[in-house]
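Proteins get letters first, then strands, A, B, ... in listed order; numbering begins at 1 in each. Bear in mind that the values here come from a model prediction, so they are computed numbers and not experimental data. These values consider heavy atoms only, across backbone and side chains, with no hydrogens, waters or symmetry-generated copies.
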Amino acid sequence: MVILEGKNVTKRFAGLLAVSDIDFYLQDGEILGLIGPNGAGKTTLVNVIAGVYRPSEGEVFFKGKQISGKKPYQIGRMGISRTFQVVKPFPGMTVKENAAVGAMYGAGGKNKSAKEAIQRAEEILEFVGLADKMNKGADQLSVASRKRLEMAKALAMNPKLVLFDEVMAGLNFGEIDQAVELIKKIRESGMSILIIEHVMRAIKNVCDRVFVLHHGEKIADGTVEDVLNDETVIKAYLGRRYKELTH
Amino acid sequence: MIIMKRLLKNFFYGFLTIGLVLSFGHFAQAASKSVIKLGCAISFTGGESRTGKLYRDSYDMAVEQINKNGGVKVGNQTYQLKIVYYDDESDPTKSSKFVEKLIAEDKVNFLLGPYSSGITIPDSLVAQRYKVPMIEGGGASGKIFSRGNKYIFGTLPPAGQYFKSTLEMLKTFNPVPKTIAILYSDDKFDISVAEGTEKLAKEMGFDVALYEKYAERATDFSSILTKIKALNTDVVLVAGHTEESLNFTQQAKELNVNPKLISMTVGPSEADFRKSLGKDAEYIFGVASWSTQMNFKGYLFKDTQEFVKEFKAKYNYDPDYHNASGIADVAVFKDAIERAGSLNKEKVRAAIASTKLDTIYGTVEFSENGQIKGTSVALQILGGEIYQVYPNGAKKPVYPFPSWKTRK
Amino acid sequence: MEKKKLQYALIGGFILLIVVLFPLVSNNFIIRFGTDILMFAIMASAWNIIGGYTGYASFGNVVFFGIGGYITAILMEKAGMHFAVAYLAAGFGAALFAVLIGLPVLRLHGHYFAIATLGVAEAMKALVQNLEITEGNSGIYLPMLDLSIKGQYYFFFYMMLGTLILTLLLTYLVLNAKLGYSLIAIREDEDAANSVGINTTLSKTIAFALSGFFTGLAGSIYAYQQAFLKPGPAFSVQTTVKMIVMAVFGGMGKLFGPLIGAFSIEIISETLSNYFLVAHTLFFGTVVILAIVFTPKGLIDMITQRKFGISYFLENIREHRI
Amino acid sequence: MLLQILVNGILMGGLYALMAIGMSLIWGVMNIINIAHGSFIMLGAFTTYWLFAILGMDPFVSLAFSIALLFALGYGVQRYLINYVIRASAFITLILAFGIEIFINNAALVSWTADIRKVQVAYGAANFSLGNYVTIPTIRVVAFLLVIVISIAFFYILNRTNLGRSIRATSQDLDAARLVGVDVAKTYAITFGLGVGAAGAAGTLWSILFPISPIMGGELTLKSFVVVIIGGLGSMLGPIIGGLALGITEAFGTNWFGSTYGNLISFTILVLVLIIRPKGILGGAD
């Protein structure tokens with residue numbers, strides 16, 4: 001079943017094309033990688049899906065329902081949650097409260113009391129491995145922990161689909177491996193995932209399918225193997241760097 | 001870091017000094033017996049502080065004069081007068097709070113009023129609540145006296161009559177001016193002045209060509225002046241405050257607007273106004289319930305002229321009707337207390353209500369509602385001094401104005 | 001944990017008892033002074049809801065005070081209604097105005113929001129100055145409360161006290177409910193708040209309306225107490241500034257911060273004006289400057305952290321200077 | 001008559017612009033809303049007044065003194081006061097500025113009393129006529145020219161000098177500026193000094209045109225706010241556009257509706273501009 005679908009999605013900023021006429025889809029339970037050079041329009045696309053931007057043209061469907069034009073919070077409550085490339089914790093709250101806010105207002109949050117939400121937050125923090133830092137202030141975390149908190153907030157919203165925007169940038173190899181494990185665990189718990197990443201090691205390890213953007217246009221879409229060997233992709237994005245990283 | 005240390009050190013000494021001063025304040029507050037305390041919450045700071053000072057100066061001078069000459073006699077006992085002041089910061093909330101403090105904590109016997117109608121009203125309501133008589137010289141709005149408050153007495157005449165003498169004077173000119181522009185500040189007192197003047201002017205057959213309100217404390221009059229110039233009215237009557245009168249006059253010159261006569265309620269009679277405008281103040285008319293040229297037999301002072309002389313010597317500026325009104329307030333208290341022969345508030349209140357007292361301010365007599373009976377006179381600035389020109393003027397009014405361009 | 005809570009409850013209850021009993025042993029002026037402190041405590045606490053917790057620095061909160069006052073004045077004076085009706089109408093009227101004005105204005109952020117609210121308050125003042133029903137700039141009388149002198153003082157004191165307790169209690173409940181989390185989330189990062197499913201517009205508007213509601217109630221009691229209202233003082237920018245200074249001075253974003261701020265600022269300025277007829281405002285300015293430089297986190301931070309003295313002051317400066 | 005009103009509005013707008021230009025600079029560079037701005041204008045006006053009253057100095061000569069004095073004062077206030085809290089929230093600086101305002105106003109009140117004063121120069125109300133319809137007050141034209149001169153000077157300083165580069169760098173990224181060797185504390189102090197110096201210039205002109213008193217500042221701060229917001233931040237043209245817009249609307253508005261509606265009009269415009277174009281008339285849509 002297709003859980004997320006975009007048709008002819010285009011986003012312009014003051015005449016500048018950021019995303020140009022893109023079709024995409026995501027199967028239920030799938031992990032889709034979204035890659036491309038900086039400025040290719042990846043984050044813009046995530047923002048369009050999450051409702052931060054209304055697409056200039058085209059439509060986005062979630063579980064068959066049109067969501068383009070809805071507000072971020074509405075989309076969040078329908079079951080799509082996202083992380084931010086530059087993490088956005090609530091620095092004045094504790095780690096637990098951060099996650100609790102997600103549980104309160106995400107999908108199904110309406111029926112949760114503040115107390116239940118805090119309980120849920122504790123479970124999630126356990127799940128992402130932040131249980132020991134639960135009562136710390138969010139502004140006192142390390143980079144890796146902050147990325148985890150960002151994911152915990154998204155997961156606490158009880159989503160069907162999560163959009164991970166570079167959750168591994170800035171992590172070391174050991175931390176990346178842990179994050180990859182976490183993402184696999186998340187999929188096992190029944191969520192679909194769209195993941196933007198520059199870290200090829202991660203992409204190769206977790207993605208079922210990869211989708212490449214370049215200058216706002218889709219230049220490839222297929223299995224990891226196929227895409228990473230695609231000539232255009234290598235020329236446009238991976239280039240020498242890819243070879244260096246993989247060998 | 002060094003700077004910070006120095007800063008801290010300075011702050012430390014600063015606090016020490018403040019602390020010392022505070023503790024001295026305590027010792028200074030020694031109480032003495034046989035004193036009648038008058039309470040007054042008035043503006044020392046804030047928007048009304050300038051005019052507030054005029055009243056304070058007068059209150060102080062009147063009290064000093066009374067105490068020097070034997071104080072107040074109640075029965076066989078003589079009392080000294082003493083004023084307890086608080087700064088109301090030109091804020092009605094603060095003012096009414098301090099009036100409550102004066103009554104509840106300082107246990108003052110009677111109350112003197114603040115300046116400006118907007119502050120006087122809440123204060124007068126406190127006076128009413130406690131049934132403590134208050135005499136005020138700083139609020140003339142009819143609104144103060146419209147609620148049947150028996151404990152408030154005012155020594156500024158009803159605002160509506162302010163321009164009456166001026167309008168009568170206009171009738172004596174040849175040719176009689178026809179069109180009048182009435183401008184007024186959006187303030188209780190000035191609104192009453194304008195409403196009264198418009199009514200009177202129409203009754204007397206003048207054509208009120210422009211009747212316009214402007215914002216309180218307005219600085220820019222170019223719009224209104226442009227209108228006046230276009231309408232070419234003969235006479236411009238302004239009911240406003242000193243700053244506004246100053247701005248209006250200067251901008252009339254800037255924009256070369258030349259009516260035949262300009263008269264203003266507040267401003268021309270004040271020394272500040274003439275000093276600030278210099279030659280441009282020439283020929284401007286004013287109205288006042290009082291002027292320094294009047295000659296009334298006084299109660300605390302021998303007569304008006306002697307008061308003016310002594311006042312000038314003491315404070316180094318010309319008194320105006322605010323000052324005279326303030327003197328009258330204290331004079332009325334002395335007279336009423338002595339006639340009542342008691343410090344009982346009800347008795348003194350009754351005595352005030354039946355006052356008929358000659359003061360340097362003229363004869364003080366209160367109407368049923370507590371406001372003074374009386375009208376006002378027309379003044380004009382001639383040769384840098386202010387003269388009463390109507391009725392029975394010290395000098396003859398100069399009419400029409402020489403236009404700005406033809407003046408030296 | 002439980003023991004500590006009990007301790008706090010005991011201390012709180014004791015303070016409350018003192019406040020409740022205090023008018024019975026004081027002279028009228030002290031009661032009036034207490035009433036004023038309570039009034040500012042209400043307004044600073046109400047400001048704290050939108051400014052402290054939600055992070056929207058309203059510079060026009062006095063507009064609710066003025067509206068509350070004028071609704072009371074008009075209903076009682078022109079329509080002859082009972083104060084109880086006017087009181088409630090003042091609160092709800094101010095809250096309604098907050099909703100109407102909040103919908104467009106709460107879209108702005110930071111300084112822009114501050115200036116827009118300031119503009120709203122000034123425009124409202126100018127409007128009231130020109131309206132017929134408010135009797136324009138010359139001001140409007142209210143009927144006077146028909147009680148004994150002492151009775152009047154008790155009435156206004158306990159009205160203010162009741163309203164303050166209502167304000168603090170509701171704020172406390174809101175904070176521990178989901179709404180409270182959403183407000184703080186908005187303050188900390190509005191985009192993130194939106195993306196975790198918070199209807200930020202709704203939350204902000206509710207916060208603004210609550211703020212307006214309590215401020216309106218304070219305005220209503222004030223109007224009845226003064227028995228006379230004039231647009232200038234009723235919509236004075238200075239009043240807004242005072243609310244903010246009190247909230248910041250005490251500690252904004254803390255439940256009791258504004259209360260402590262209102263109490264200490266009023267006591268300080270009253271003491272100063274007792275000793276210095278003219279210069280008291282000068283010293284008051286100095287106190288504000290010193291307080292901001294040395295204790296920018298508010299008195300409550302000092303109290304809860306049990307930190308006093310020069311090292312605490314220098315720590316603050318080191319943290320914030322360049 | 002309409003032409004005269006337009007001229008009145010434009011000339012008043014020039015003065016508004018001069019008042020606001022310093023506030024705009026300080027706000028734009030340091031994100032400080034200087035509530036004490038009007039008080040600094042007041043100090044500039046009194047500098048001129050005292051130099052005139054005691055030494056008989058012509059206001060256009062004392063203009064230099066009031067700019068210099070206010071610059072020094074502004075420099076000191078920023079360097080030894082505001083810089084200590086500059087990293088705290090914008091609120092804190094705002095309240096600090098409020099404290100400074102109370103302090104300055106009341107220090108002035110204590111030392112000079114609330115008396116209204118006026119710099120009475122012979123040319124204070126000089127004017128000339130264009131045809132029969134329009135009378136133009138000379139001093140207001142001079143004020144208008146002066147605001148242009150000061151704007152150009154500011155523009156030059158900000159765009160063509162090393163100091164200007166430091167200021168712009170600091171305003172964009174404080175830490176980065178410090179890394180490339182900018183003395184941030186000093187740059188801030190100079191910026192504040194420049195802004196306050198411009199307030200001094202406005203004060204001098206104000207003192208020629210209007211009576212002055214220690215409590216005149218609050219109203220002027222409010223007007224400056226309106227101008228800065230309408231014009232938008234970050235451009236030397238902003239205050240001029242904002243000033244003219246305010247001056248002209250006020251002139252026509254008060255002519256049509258009466259002067260008591262002046263504030264209603266200007267603040268309604270303020271709120272509308274903020275809602276529709278939060279970055280000012282000149283600023284981008286978002």
Side-chain angles (χ1 to χ4, degrees), chain B residues 1 4-5 7-8 11-12 14-15 18 21-22 24-26 44-47 49 85-94 96-106 117-119 121-122 124-126 128-131 141-143 146-147 185-192 213 215-217, chain C residues 26-33 35-36 39 126 129-130 135-145 148-149 152-153 222 225-234 236 238-239 269-284 286-287 290 293-294 310 313-314 317-318 321:
Chain B
M1 223 26 236
M4 214 141 22
K5 265 189 192 153
L7 259 180
L8 280 175
F11 287 146
F12 175 73
F15 276 123
I18 294 173
V21 175
L22 285 180
F24 272 121
H26 258 303
F44 286 72
T45 62
S49 53
Y85 282 117
Y86 288 109
D87 172 23
D88 67 20
E89 296 173 43
S90 308
D91 170 359
T93 315
K94 285 246 160 82
S96 66
K97 184 180 89 179
F98 280 124
V99 173
E100 292 176 15
K101 180 169 190 171
L102 287 165
I103 297 170
E105 282 205 334
D106 299 296
S117 300
I119 298 178
I121 292 180
S124 72
L125 292 173
V126 178
Q128 181 183 17
R129 182 182 297 158
Y130 282 97
K131 304 190 192 314
S141 161
K143 208 148 193 162
S146 66
R147 281 261 168 159
S185 177
D186 189 7
D187 175 51
K188 244 181 304 301
F189 171 70
D190 298 306
I191 293 168
S192 317
K213 186 158 72 169
E216 209 177 343
R217 300 191 195 294
Chain C
S26 305
N27 73 38
N28 291 348
F29 166 71
I30 301 281
I31 302 175
R32 161 75 198 263
F33 183 44
T35 312
D36 280 10
M39 179 177 86
Q129 280 172 338
N130 285 294
E135 301 192 17
N137 200 29
S138 61
I140 184 169
Y141 274 103
L142 282 83
M144 275 174 91
L145 176 60
S148 70
I149 294 178
Q152 295 182 25
Y153 282 93
Y222 167 83
Q225 179 195 42
Q226 286 277 294
F228 178 75
L229 267 193
K230 198 174 142 63
S236 160
Q238 293 300 322
T239 311
S269 78
E270 174 69 20
T271 313
L272 285 175
S273 66
N274 267 350
Y275 287 106
F276 308 98
L277 264 178
V278 183
H280 62 103
T281 37
L282 185 66
F283 291 125
F284 183 67
T286 315
V287 169
L290 293 182
V293 172
F294 291 117
I310 292 189
F313 295 153
L314 289 182
I317 288 185
R318 239 174 269 129
R321 76 179 166 140

Measuring from C:L282:CG to B:T45:OG1, what's the distance to the nearest 0.5 Å?
-> 11.0 Å
How many angstroms lie between OH in B:Y130 and CD in C:Q152, if you round to the nearest 0.5 Å?
-> 8.5 Å
Looking only at C:Y153, C:F33, C:Y222, the option with the highest number of non-hydrogen pairs under 4.5 Å against chain B is C:Y153
State which residues pass side-chain hydrogen bond (donor to acceptor under 3.5 Å, both in side chains) with C:Q226; sequence neighbours excluded, sorted by chain then number.
-> B:S96
Where do B:E105 and C:I30 come nearest, in terms of heavy atoms and distance?
-> OE2-CD1, 3.4 Å
Quick one: CD1 on C:I31 to CD on B:E100, what's the gap to the nearest 0.5 Å?
-> 10.0 Å
Please flag which part of C:Q238 lies under 4.5 Å from any non-hydrogen atom of chain B: side chain, backbone, both or neither.
-> neither
Which distance, rounded to the nearest 0.5 Å, do you find between the CZ of B:F98 and the CD of C:E270?
-> 4.5 Å
Does C:Y141 reach the main-chain N or O of B:I121 with its side chain, forming a donor-acceptor pair under 3.5 Å?
-> no
What is the distance from atom OG1 of C:T35 to atom NZ of B:K97, rounded to the nearest 0.5 Å?
-> 10.5 Å
Using a 4.5 Å cut-off on heavy atoms from C-beta on, say whether the side chain of C:F29 contacts that of B:L102.
-> no
Closest heavy-atom pair and its distance - B:G118, C:K230 | CA-CD, 3.8 Å
Contacts of B:D190 meeting side-chain hydrogen bond (donor to acceptor under 3.5 Å, both in side chains) (sequence neighbours excluded), chain-then-number -> none
Roughly how far, to the nearest 0.5 Å, is the CG atom of C:N28 from the CD1 atom of B:I103?
-> 9.5 Å
Checking heavy atoms, do the side chain of B:L125, its backbone, both or neither come under 4.5 Å from chain C?
-> both
Considering only heavy atoms, which portion of C:L142 lies under 4.5 Å from any heavy atom of chain B: side chain, backbone, both, or neither?
-> backbone
State, to 0.1 Å, how close C:I149 and B:R129 come at their nearest heavy-atom pair, and which atoms those are.
-> CD1-O, 3.2 Å
Applying a strict 4.5 Å limit to non-hydrogen atoms, the region of B:S146 in contact with chain C is side chain
Closest approach of B:D87 and C:L277, non-hydrogen atoms and distance?
-> CB-O, 3.3 Å
